[in-house]
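Let me begin by presenting the structure, written as structure tokens, before commenting on it.
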Amino acid sequence: VPDFDNAALTAVPRPAPVVAPAAPPSAPTRPDPAPGTSRTAPAQRVQSISRSTRPALAPPSTPAAAPAPSAGTGSGVLALAARYLGVPYVWGGTTPRGFDCSGYVQYVFAQAGVRLPRTADQQMHAGRQIPRSQARPGDLVAFVSGGQAYHIGIYAGGNMMYDAPHTGSTVERRTIWSGAVAFVRV
């Protein structure tokens, strides 16, 4: 338990409140306000209060990231996909702390500058379906049942893909295990 009685504390002065500018002289006049109220219009009072009570935030400092491979090429997407090999599967995960299948695909494509929706089925419909014979590395590979995608990954070529498979696993490069797939170009 910290000892606050002996802690060294530094006082920080409170910033001066921001006062809304007075109405321009050409503005219509209003009757004098009741004692204890402001002449400032309600919208100006709210704006003034929110400015004065909102803490000033410094822009976040983020370390410089390595430049992303070209978004327009399959090899660029595959290089991004490979960066996250070994990241654990987390149901609903959308960051490198943990991914589910569609969170992984969405994150990788976002790094390449391509916005995709969140779920596997939405991602399958976000592009143009193509025959397997025309699939190129960097396309999506969606696993389909009953006309809906229940799993999705990134096609790596040669019947291989990158994906976040299931609970207890990690992002990996592995064989496409089913013939019930749709290839999608975004």
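Since the model is a prediction, treat every value here as computed from it, not as a measurement.
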Legend entry - Exercise: identify the closest heavy-atom pair between Gln123 and Val184: O-CG1, 4.3 Å
Legend entry - Minimal non-hydrogen separation, Ala149 against Asp121, with atom names: N-OD1, 2.9 Å
Legend entry - Selection residues 148-160 - residue pairs positive for salt bridge (charged side-chain N to carboxylate O under 4.0 Å, His left out), sequence neighbours left out: none
Inset, instruction - Write down the atom of Met160, the atom of Ile176, and the distance for their closest heavy-atom approach. - result: O-CD1, 4.0 Å
Inset, instruction - Treating Ile, Leu, Val, Met, Phe, Trp and Tyr as nodes and any side-chain heavy-atom pair under 4.5 angstrom as an edge, say whether Val171 and Val108 lie in one connected cluster. - result: yes
Legend entry - Residues forming a side-chain hydrogen bond (donor to acceptor under 3.5 Å, both in side chains) with Glu172, sequence neighbours excluded: none
Inset, instruction - Output every pair passing side-chain hydrogen bond (donor to acceptor under 3.5 Å, both in side chains) with a member in residues 154-163, not counting sequence neighbours, ordered by first then second residue. - result: Arg132-Asn159, His151-Asp163, Asp163-Arg174
Legend entry - Donor-acceptor contact present, side-chain Gln122 to main-chain Thr119, <3.5 Å: yes
Legend entry - Least distance between heavy atoms, Ala126 atom then Pro117 atom: CB-CD, 3.8 Å
Side-chain donor-acceptor pairs of residues 136-148 under 3.5 Å, sequence neighbours excluded:
residue	atom	partner	partner atom	Å
Asp139	OD1	Arg185	NE	3.0
Asp139	OD2	Arg136	N	2.8
Asp139	OD2	Arg185	NE	3.4
Asp139	OD2	Arg185	NH2	2.9

Legend entry - Which atom of Ala182 lies closest to which atom of Met124, heavy atoms considered: CB-SD, 4.1 Å
Donor-acceptor contacts under 3.5 Å from residues 84-92 side chains, at least two apart:
none

Legend entry - Side chain Tyr104, main chain Ala81, donor-acceptor under 3.5 Å: yes
Legend entry - Closest non-hydrogen atom pair, Phe109 against Val77: CZ-CG1, 3.8 Å
Inset, instruction - Using the ring-ring contact (aromatic ring centres under 6.0 Å, His included) rule, collect all pairs that involve residues 115-137, keeping only residues at least two apart or in two chains. - result: none
